Engineer: 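The structure's right below; bear with me while I get my questions together.
Per chain, numbering begins at 1; letters A, B, ... match sequence-line order. Because the structure is predicted, anything quoted here is derived from the model rather than measured.
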Amino acid sequence: MKNILLNAEQKKAVNHINGPLLVLAGAGSGKTRVVTMKIAKLIEIGIHPNKILALTFTNKAANEMSIRIKQLTSKNVIASTFHSLGAKILRESINHLNYSNNFTIYDEEDSLKLLKECLNHLKLKEDKAFLKTIKYKIASLKNDLKDLDDLNCSSNLNTNEIKVFRLYQNKLKTCNALDFEDLLYLSVKLLKQNSKILELYQNRWSFILIDEYQDTNFAQYTIAKMLSLKSQNICVVGDPDQSIYSWRGARYQNILNFDQDYTNATIIKLDKNYRSTPTILEAANNLIKNNSPRFEKNLKSTIKDGEKIKIFKADTEKMEAAFVVSKILHYKSKDIKSLKDIAIFYRTNFQSRIFEDLLLENQIPYIIYGGLSFYQRKEIKDILAFLKLIISNEDFLAFSRTINIPKKGFGKTTISKLFLISEKYQIPIIKLLKQFSSYPDIRLNSQQKIALKNYLKSIFELRKMYSQKIKLDKLISQILIKMKYLQYLKEDPLSYEDRKENINELITKAKENNQSLEQFLEDITLANDKTQNTNENSVKLMTLHNSKGLEFESVFIVGLEEDLFPHINSKQSIEEIEEERRLFYVGITRAKKNLYITHCLTRYIFGGIRPSIPSRFLKELNETYLDQQKDYNIKSTSTFMSTKTTSHISFSNKYSIGQIVFHKTFGKGSIKKIYQTSLGETLDILFEDSIKSLVTKYAKLKIIS
DNA sequence: AATTCTGCGTTTTTT
DNA sequence: ACGCAGAATT
């Protein structure tokens, strides 16, 4: 054990074996290190790896932890999110709750669609605001473990909302599906209801470690509590000042009350920061003091002081991006920093676009973390829906998504009616349709009848192939053929190339997959792999929320404007403002050496230019740590501003063979062939490892030489 | 009843 | 600028 690399407090935490332990760890104090080293220690003293359960908040964190533990001990330890843990427990044991073990998991979009179906069913207006509220309320009730049966007295739901909740829960069951919250809610229900099962899991994991404990909600807190009740070996690590998920039910009180929840708890504070310069850290400490009451920390840097924090006031969001990109170009051109050490953080996803444009113009590789995930794309979800139908008779949403692909006269009304009939007879939707002629209330026109028969025929052919153990990637290719999916995509030529490319990527991922189809689908729903390409040496773009747990040499936090950050929807209460402030605190403390903070005087938003007021948080940063940037290298900006205009200039002779072009995902490539297709001018381009055919009017290309 | 058209409102953060 | 829900059209 390389305890030598740990300080006294860290060692204490690592060497604490039995009994509840709370590690209050400030930003950059090496908390994840402590968790991984502690696990290594447990294995070293002879605890079987299977007995250890490490819980994290994101899949990325879970994966990283597994990898680090593997490196340290060459053993596999289960590191997962609470949601994956829930899925695992329920997959094994949900039959005790009268559910089927082969349930599917509905993501946010699916769950909203089902909720819409409920409103329809109850003849309630499909009002967007209402939909959002009810979704939020249902999620909150589940996260707070409120029982559906005593809703009337305890909840703030009106009678209509209660009806919707009931119906929604019923429909989920009809579809043999669970939503995200169910994974936690039903896990608790199961563990509470069945002491044998509880004991089974208590015995399975006798050491539980939880990272980012300040972000646990009541359901997660309860799962942890129940599972560790017997062994009492629970170690939680976190920082109340980094609690940024209260809108998802997180309660930072969980970490503050730990010593009351677990008697004999040992508390260890880590207050040495190994990440940031004193300037950055002091500024962050100062800022967070505006929140009260807090658990006072005295986080001290261990590094020699560094540059001041650079503040830049831009006229427009374009200038803001230009400033950031000019700084990055500066670092790049002088080889001062590698691109992978640079990150840009923003409050909302839509802010990323302008940075993307400018980075692309300047041939700076970048990766966006988060945003619309690959698996949330329409075409991917379509294919996944077909896959779901291969293994499910019940999944109504999968049916509803696919029945009209390609268009065959099935509209919303007909589809909803079919669902109601299937509910009425309590027969799974696919089974019902297979013999629709024996149900007089299924009224279809002759075109629909033929189309439905063909659709089902294809589904059953696919099922047959599946039962004959066809490879997953081949199965997807078969879906494309049988369902005429690519032809369907061509109906929208503007998006065709992109979507086809995404499907190819899905096929590639399927090829690498060695697990069951069920597991593949579950992983995709829960794991939400959002990384787009693998170029390590690229600038990272992400929301502040996504930045938690990461660190970078140089960080740009952009858009420090009232109503954007703090966000306009988070200004109702002091609590919300304080959470926004914690979010800023998280962002600041990600920076190791250089921190830039920018804001604009005007911003183009909702299709119009609006004046922006500097964020209140800027005033909360102590002047002594700041350096106002007056100007920046305009020269480089104007260059790329002009290239932007030239890129709009005409097409005919724009490209020639042998030219080098740059593409966001594929990188640099040379043009091998130019020809016309039905979609217009098309180029075959040789990229690093492959030749791609790209249609010039759709693919974003930049000519390099 | 489905598809096509059009004008309106919309954008917080994520498992 | 975009998507989506109602209106107009088939």
Engineer: Please list, chain by chain and in numerical order, all residues satisfying ring pair (Phe, Tyr, Trp, His ring centres under 6.0 Å) with A/Phe436, sequence neighbours excluded.
Structural biologist: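 Applying ring pair (Phe, Tyr, Trp, His ring centres under 6.0 Å) to A/Phe436 gives none.
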Engineer: Determine yes or no for a side-chain-to-main-chain donor-acceptor pair under 3.5 angstrom, with A/Ser187 supplying the side chain and A/Ile89 the backbone.
Structural biologist: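 No, the answer is negative, given that no donor and acceptor are paired below the 3.5 Å cut-off.
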Engineer: When the P atoms of C/dC4 and B/dT13 are considered, how many whole Å apart are they?
Structural biologist: 16 Å
Engineer: Roughly, in whole Å, what's the span from CD in A/Gln376 to P in C/dG3?
Structural biologist: 14 Å
Engineer: With respect to A/Glu580, which candidate in A/Lys571, A/Arg347, A/Arg616 satisfies the salt bridge (charged side-chain N to carboxylate O under 4.0 Å, His left out) definition?
Structural biologist: A/Arg347
Engineer: Extract from the structure each pairing of a protein N or O with an N or O of nucleotides 10-12 of chain B at less than 3.5 Å, listing the distance.
Structural biologist:
unit_1, atom_1, unit_2, atom_2, d
B/dT12, OP2, A/Asn569, ND2, 3.2
B/dT12, O2, A/Arg347, NH1, 2.9
B/dT12, O2, A/Arg347, NH2, 2.1

Engineer: CD of A/Glu522 versus P of B/dT15: gap in Å, rounded?
Structural biologist: 15 Å
Engineer: Please enumerate all residues that pass ring pair (Phe, Tyr, Trp, His ring centres under 6.0 Å) together with A/Tyr485, with sequence neighbours excluded.
Structural biologist: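 Once residues adjacent in sequence are excluded, the partners of A/Tyr485 under the ring pair (Phe, Tyr, Trp, His ring centres under 6.0 Å) criterion are A/Tyr488.
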Engineer: Rounded to whole angstroms, how far apart are CE on A/Met542 and P on B/dT14?
Structural biologist: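 Rounded to whole Å, this separation is 11 Å.
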Engineer: Describe the nucleic acid contact of A/Lys571 in one word from base, sugar-phosphate, nothing, applying a heavy-atom distance below 4.0 Å.
Structural biologist: nothing
Engineer: Between A/Lys116 (NZ) and C/dG3 (P), how many Å, whole number?
Structural biologist: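 Roughly 14 Å, once rounded to whole Å.
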Engineer: Whole angstrom is fine here: how far is it from OH in A/Tyr369 over to P in B/dT13?
Structural biologist: 18 Å
Engineer: Without decimals, in angstroms, what is the distance between A/Asn546 CG and B/dT13 C1'?
Structural biologist: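 For the pair A/Asn546 CG and B/dT13 C1', the rounded distance is 9 Å.
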Engineer: When you measure from the centre of the six-membered ring of A/Tyr585, is the NZ or CZ of A/Arg582 under 6.0 Å away and within 45° of the axis?
Structural biologist: no
Engineer: Restricting both atoms to N or O, compile the protein contacts to nucleotides 2-8 of chain B shorter than 3.5 Å, with distance only.
Structural biologist:
unit_1, atom_1, unit_2, atom_2, d
B/dA2, OP1, A/Gly411, N, 3.0
B/dA2, OP1, A/Thr414, OG1, 2.0
B/dA2, OP2, A/Thr413, OG1, 3.2
B/dT3, OP1, A/Gly409, N, 3.2
B/dT3, OP2, A/Asn404, ND2, 3.3

Engineer: Working note: A/Glu109 + A/Lys113, criterion salt bridge (charged side-chain N to carboxylate O under 4.0 Å, His left out); need CA distance, chi angles, decisive distance, verdict.
Structural biologist: CA-CA 6 Å; A/Glu109 186 197 344; A/Lys113 279 190 174 166; 3.5 Å; yes
Engineer: Whole Å only: how far is the CG atom of A/Leu183 from the P atom of B/dT15?
Structural biologist: 13 Å
Engineer: If the P atom of C/dG6 is compared with that of B/dT11, how far apart are they to the nearest Å?
Structural biologist: 14 Å
Engineer: A/Phe130: which residues meet the ring pair (Phe, Tyr, Trp, His ring centres under 6.0 Å) condition with it, sequence neighbours left out?
Structural biologist: none
Engineer: Can you check whether A/Lys417 has a side-chain N or O nearer than 4.0 Å to OP1 or OP2 of B/dA1?
Structural biologist: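 Checking B/dA1 against A/Lys417, a side-chain N or O does come within under 4.0 Å of OP1 or OP2.
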Engineer: Mind checking A/Phe82 for me? I need base, sugar-phosphate or nothing, with any heavy atom below 4.0 Å counting as a touch.
Structural biologist: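 Nothing: the residue A/Phe82, judged by heavy atoms under 4.0 Å, touches no strand.
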Engineer: Is the phosphate of B/dT15 approached by A/Asn59 (side-chain N or O, under 4.0 Å from OP1 or OP2)?
Structural biologist: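 For A/Asn59, the contact criterion (side-chain N or O under 4.0 Å from OP1 or OP2 of B/dT15) is not met.
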Engineer: Under 4.0 Å, heavy atoms only, any strand: does A/Glu108 hit a base, just the sugar-phosphate, or nothing?
Structural biologist: base
Engineer: Who are the ring pair (Phe, Tyr, Trp, His ring centres under 6.0 Å) partners of A/Phe218, not counting sequence neighbours?
Structural biologist: A/Tyr221
Engineer: If we check salt bridge (charged side-chain N to carboxylate O under 4.0 Å, His left out) with A/Asp110, which of these qualifies: A/Lys381, A/Lys116, A/Lys135, A/Lys171?
Structural biologist: A/Lys381
Engineer: As an exercise, state the distance from CD1 of A/Ile244 to CD of A/Glu212, rounded to the nearest 0.5 Å.
Structural biologist: 8.0 Å
Engineer: B/dT13 C1' sits how many Å from A/Gln351 CD, rounded?
Structural biologist: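 Going from CD in A/Gln351 over to C1' in B/dT13 covers 12 Å.
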